[in-house]
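Working notes for the structure below.
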Amino acid sequence: MGEYQVEEVVEFLAGAGRVAVLTGAGISAESGVPTFRGKDGLWKQHKAETLATPEAFERDPKLVWEWYDWRRGLIAPVEPNAGHRVIAGWERLFGEMAVITQNVDGLHAKAGSQNVVELHGNIWKLRCTREGTVEEVRDNPLPHIPPVCPNCGSFLRPHIVWFGESLDPVVLDRATDLSESCQVMFVIGTSAVVHPAASLPYAAARAGAKIIEVNLEPTSLTPHANFFFPGKAGEILPVLDRQLREWTKP
Ligand code: BJW
């Protein structure tokens with residue numbers, strides 16, 4: 001990490017009142033949650049179309065639920081890492097600070113972040129396919145697969161946005177507003193290929209925000225970012241945080 005880059009970023013941050021952080025699977029990788037793409041990604045072992053689409057659920061709800069139940073089991077014991085913790089601490093540092101996450105693992109909230117926008121839902125929430133009611137169910141493993149609504153007996157589904165499904169418009173509006181009003185946007189651990197999430201940094205940049213990207217490798221966003229830190233989020237964010245706290249110390 002270039003020292004000059006760190007200093008410049010810290011200078012921006014110290015003067016910023018409104019900060020937004022867009023995260024993807026990479027922020028949770030160091031906690032042990034697999035990412036989607038890449039060599040060890042979830043999509044290498046399972047085809048997205050056979051599991052994360054409404055058609056897949058209609059065809060075989062049991063198969064889809066077995067996959068989600070397995071992932072719930074994987075995520076349940078996992079703890080937030082240094083990256084999540086730095087981001088949570090920034091809520092006390094900046095006037096306005098929000099996390100916009102594509103992740104469904106709930107780890108930002110577990111780390112203490114309170115202002116979290118979950119673009120793609122949450123793996124701990126189940127939704128009735130008939131009534132649309134949403135409730136948090138932590139049972140692990142689920143006692144019955146596929147689970148059914150206690151009220152009407154219809155299948156429950158994961159409260160997650162699958163390919164081809166629209167994001168909740170209220171959630172997307174909030175994420176867009178935050179993107180368009182922040183002064184600095186961090187984009188951390190996302191391959192930046194899934195829309196509309198991948199469009200948010202561009203909306204932020206158009207509205208005048210500085211874009212700071214943290215990723216193991218460059219993405220299609222990198223040439224458009226003001227700063228790019230190659231490496232692990234759990235290592236880079238603590239360095240930035242330490243410098244920032246030094247800088248802003250009274
Ligand atoms: C590290 C690290 C470390 C590792 N430190 N970094 C416009 C153009 C083209 C297509 C579309 C478009 N608008 C909509 C679409 C269609 C589609 C889409 O975007 N397709 C693209 C793939 C082309 N979008 C949708 O269908 C969305 N719906 C929608 O827009 O509705 C309206 C509409 C529909 C159809 C057509 C047009 C309009 C919904 C998208 C829902 C995404 N859902 C998923 C699955 C959830 C299921 C589940 O979790 O079970 O959400 S897909 C999957 O990808 C998951 C993630 O949230 C999402 C993003 O992945 P992410 O987080 O970026 O992870 P990875 O694995 O890709 O990347 C990890 C990164 O971390 C890598 O870069 C690593 O290098 C890095 N990394 N370790 C730092 N330690």
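Atoms considered below: every heavy atom in the structure, side chains included; atoms not considered: hydrogens, waters and symmetry mates. In each ligand, atom 1 is the first atom listed, and ligand 1 is the first ligand listed.
Below 4.0 Å from some heavy atom of Gly24 lie the following atoms of ligand 1, by number and element: 62 (O). Near Pro196, meaning under 4.0 Å from any of its heavy atoms, are these atoms of ligand 1: 30 (O). Residue-ligand proximity, Glu217 to ligand 1, at heavy-atom distances under 4.0 Å covers atoms 75 (O). Of all the atoms in ligand 1, the ones that sit under 4.0 Å from a non-hydrogen atom of Ala29 are 78 (N). Taking a cut-off of under 4.0 Å to the non-hydrogen atoms of Val194, the atoms of ligand 1 that pass are 19 (O), 40 (C), 42 (C), 54 (O), 58 (C), 59 (C). Taking every heavy atom of Tyr68 and a limit of under 4.0 angstrom, the matching atoms of ligand 1 come to 47 (C), 48 (C), 50 (O). Interface of Ile160 with ligand 1, defined as ligand atoms under 4.0 Å from a residue heavy atom, comprises 46 (C), 47 (C), 48 (C).
Atom 20 (N) of ligand 1 has as its closest protein heavy atom Phe163 CE2, 4.0 Å. The protein atom (non-hydrogen) at minimum distance from atom 3 (C) of ligand 1 is Gly26 O, 3.3 Å. Of all protein heavy atoms, the one closest to atom 68 (O) of ligand 1 is Ser191 N, 3.3 Å. The closest protein non-hydrogen atom to atom 59 (C) of ligand 1 is Gln102 OE1, 3.2 Å. At the shortest separation from atom 32 (C) of ligand 1 among protein heavy atoms lies Ser166 OG, 3.9 Å. At the top of the distance list for atom 69 (C) of ligand 1, counting protein heavy atoms only, stands Gly189 O, 3.7 Å. Nearest non-hydrogen protein atom to atom 73 (O) of ligand 1 is Asn215 ND2, 3.0 Å.
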Steps toward side chain to side chain donor-acceptor pair (under 3.5 Å) verdict (Glu131, Ser154)
CA-CA 9 Å; Glu131 299 172 330; Ser154 306; over 6 Å; no
One pair to check against side chain to side chain donor-acceptor pair (under 3.5 Å): Thr23 and Gln102. What are the steps and the verdict?
CA-CA 6 Å; Thr23 62; Gln102 297 168 81; over 6 Å; no
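Protein heavy atoms come within 4.0 Å of atom 8 (C) of ligand 1. For atom 16 (C) of ligand 1, no protein heavy-atom neighbour is found at a distance under 4.0 Å. Atom 42 (C) of ligand 1 lies below 4.0 Å from at least one non-hydrogen atom of the protein. Proximity of atom 39 (C) of ligand 1 to the protein is indicated by at least one non-hydrogen atom lying closer than 4.0 angstrom.
For the pair Ala25 and ligand 1, the shortest N or O to N or O distance falls below 3.5 Å. Among the atoms of Gly164, some N or O lies under 3.5 angstrom from an N or O of ligand 1. For ligand 1, one of its N or O atoms has an N or O atom of Phe36 under 3.5 Å away. Of the polar atoms of Lys232, none of the N or O atoms is found under 3.5 Å from an N or O of ligand 1, judged by distance alone. Between Val161 and ligand 1, an N or O atom pair is found at a separation short of 3.5 Å. The shortest N or O to N or O distance between Trp162 and ligand 1 is not below 3.5 Å. Of the N or O atoms in Val214, none lie within a sub-3.5 Å distance of an N or O in ligand 1.
Both the backbone and the side chain of His195 come within 4.0 Å of ligand 1, counting heavy atoms alone. Both the backbone and the side chain of Ala233 come within contact range of ligand 1, each with a heavy atom under 4.0 Å. At a heavy-atom cutoff of 4.0 Å, ligand 1 is contacted by the backbone of Val193 but not by its side chain. At a 4.0 Å heavy-atom cut-off, ligand 1 touches Arg37 through backbone and side chain alike. Only the side chain of Arg71 comes within 4.0 Å of ligand 1, judged by heavy-atom distances.
Side-chain contact check for Asp241 versus Trp90: some heavy-atom pair is nearer than 4.5 Å. Contact annotation: the side chain of Phe12 never approaches that of Leu244 to less than 4.5 Å [non-hydrogen atoms, C-beta and beyond]. Using a 4.5 Å heavy-atom cutoff, the side chains of Asn103 and Leu107 are not in contact. For the pair Arg71 and Val104, the minimum side-chain heavy-atom distance is below 4.5 Å. Between Pro147 and Val137 there is no side-chain heavy-atom pair separated by less than 4.5 Å. His120 is listed as a side-chain neighbour of Leu167, based on a closest heavy-atom distance under 4.5 Å. The side-chain heavy atoms of Lys110 and Glu79, taken from C-beta on, include a pair separated by under 4.5 Å.
Taking 4.0 Å as the cut-off between side-chain N and carboxylate O, Arg157 and Glu165 count as a salt-bridged pair. The residues Glu55 and Arg59 are annotated as not salt-bridged, no charged nitrogen and carboxylate oxygen being separated by less than 4.0 angstrom.
In this structure, Tyr202 and His224 have perpendicular ring planes: the angle between them is above 60°, well past the 30° mark. Using bins of under 30°, 30° to 60° and over 60° for the plane-to-plane angle, the ring pair His84/His108 lands in the perpendicular bin.
Ring centers of Phe155 and Trp65: at least 6.0 Å apart, outside the cut-off.
In this comparison of Ile123, Asn103, Leu22, Thr190, the heavy atom closest to atom 63 (O) of ligand 1 sits on Thr190. Between Glu235, Glu30, Glu165, His120, it is Glu165 that holds the heavy atom closest to atom 28 (N) of ligand 1.
Ligand 1 lies less than 4.0 angstrom from a heavy atom belonging to Gly231.
Between Leu237 atom CG and Ile27 atom CD1 the span is 5.5 Å, to the nearest 0.5 Å. With rounding to the nearest 0.5 angstrom, the NZ atom of Lys125 is 9.5 Å from the CZ atom of Arg138.
Under the 6.0 Å distance and 45° angle rule, Arg72 does not count as a cation-pi partner of Trp67.
Connection of Val187 to Ile236 is not established within any shared hydrophobic cluster, with ILVMFWY side chains joined at heavy-atom distances below 4.5 Å, either directly or through further cluster members.
With hydrogens and angles disregarded, a donor-acceptor distance shorter than 3.5 Å links the side chain of Asn215 to the backbone of Glu217.
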